[in-house]
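One structure below.
Numbered from 1 within each chain, the chains take letters A, B, ... in sequence-line order.
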Protein chains: 2
Amino acid sequence: MKSTIPESGVPIAQPAAGNGGDRQEASLHGEILLRLRDYVVEGNIPEGARVPERQLCEMLGISRTPLREALKVLASEGLIELLPNRGARVRQLSARDIEELFELMAGLESLAGRLACEAITDEEITAIERLHYEMYGHYLHRDMHLYFQINQRIHESIVAAARNETLKTAYANFAGRIRRVRYAANFARKRQRWAEAMREHEAILDALRRRAGSELSDVLFQHLRNKRTAAIEHLSEDGDGTPEAARHGD
Amino acid sequence: MKSTIPESGVPIAQPAAGNGGDRQEASLHGEILLRLRDYVVEGNIPEGARVPERQLCEMLGISRTPLREALKVLASEGLIELLPNRGARVRQLSARDIEELFELMAGLESLAGRLACEAITDEEITAIERLHYEMYGHYLHRDMHLYFQINQRIHESIVAAARNETLKTAYANFAGRIRRVRYAANFARKRQRWAEAMREHEAILDALRRRAGSELSDVLFQHLRNKRTAAIEHLSEDGDGTPEAARHGD
DNA sequence: AAGCCAAAAAATGAATGCAGAATAACGTCG
DNA sequence: CGACGTTATTCTGCATTCATTTTTTGGCTT
């Protein structure tokens, strides 16, 4: 049997106690949607692999109807592809696709920064400052894993401070699409780039403190664009490997 | 009054010769999706109105299965709402929703401008200049309709020049969501605001010519933000509706 | 007559069934 | 022995059917 889906994990098919921050908790197709989305985003299905409906139905213990509804939605979100009469495949992102997504994310976060400057409270800035220093500590200790975790939280905080739910949703959507490669992108950072990123983060914080919207917008965009560049380089260097650098000890 | 959908028009239910620039032309649910999306975006269904599946099925001459798939997608696109066990409704945008969408559109177009500066050709700039002067003519003649038409094309040209299909798609998606109110937003422009918009457009063109990415990003954002403000003011002036306005198409 | 409860009708959500396409399996021919 | 054409199986796409939920309608009580 050429099961494209690893049956070992079985992260789906459980009651799924508390679902995430999305609507549609009640209906079955909504539940399925949330689980399938997570399942795909987490990378449980190899890229470009065929996703047989039958198998997923058994996995989820449901009929094909709600599953197919969920698949349509996932396709509209850009996570999977629906080939006519040939089923669903996990969307394979070309290098250009990834580049475009990074640009888009940079634009959205740049926008978030600009908006945040108009609405952010001193308390929120203080919170971000705390995160920043914590991140700096991880940087000094060369703890990439924790560093990226905090880094993520900082960027999320900025998006949250923009006070724009629509933006937040869109941001989350696109973030989901590139989540796999984003992982690689993070580890693409060499020492030098890492130091650079830290300096950029200080500039971000500085602009935020001064509520300098345009400036923050600019700095954020450049920061994320650099990240993108690093990611692209990394991807073209070695297809997928996450070598010794992946161990956060260093 | 039960039938929330005007049966007179019947713009759907035809062979639908050439469908638009989207994928999924082959499958039935894809076809349905395109038609339903247009149908909703064009404002054929009153806002907040219930959309009975049965009626749409008859209208489209299909069974409920593909229709429901299309509805799920439209919901994920934000055009309609799916209330559990209570059917689909055309999404009612609150003032805040509209504001958020305008901000988002401004951000996307601001991003487009920045990216465009890196890739745009002289020919494209010349084309936009031509559009600009044409628009200026309509401005002088106080021809709002043609003015807005050209205005739209200019903004589309900028998005196209960004060379980012993902951005373009996202832009189109959000544009669809606010298409109704956007029309109102255009006519919200009073004389004074109109002159201001013209000046801003010149600044946009100027920054574009110099390929000044950050600057163009800034100018575009402010330009669209002003537009937004005008729209919001306009909406709060005469509460809701503008049903007759929707007639004129674009 | 107004309000409320109950039963009927209709609509939604999900499962099953069926036709057509695509893939796999098989046998034949070169 | 390999390539190709044919058949069989699997899978997708849509329609139909079944089970709940909601909404309506009718009747009853106050």
Show every salt bridge (Lys or Arg N to Asp or Glu O under 4.0 Å) that has at least one partner inside residues 78-87 of chain A, sequence neighbours left out.
none
What does the B/S/- profile of nucleotides 9-14 of chain D look like, 5' to 3', with a 4.0 Å heavy-atom cutoff to protein?
--SBBS
Does the Lys NZ or Arg CZ of B:Arg114 fall within the cation-pi geometry relative to A:Phe221 - under 6.0 Å from the ring centre and within 45° of the axis?
yes
B:Glu81 CD to C:dT12 C1', straight-line distance once rounded to whole Å:
17 Å
Nearest whole angstrom, please: distance from the C1' of C:dA14 to the CG of A:Leu33.
16 Å
Do B:Arg96 and B:Glu100 sit within salt-bridge range, that is, some charged N less than 4.0 Å from a carboxylate O?
yes
For A:Leu36, the option from A:Leu56, A:Val51, A:Val41, A:Leu79 that meets side-chain contact (heavy atoms from CB on, under 4.5 Å):
A:Leu56
Not counting sequence neighbours, which residues clear salt bridge (Lys or Arg N to Asp or Glu O under 4.0 Å) with A:Arg89? List them please.
none
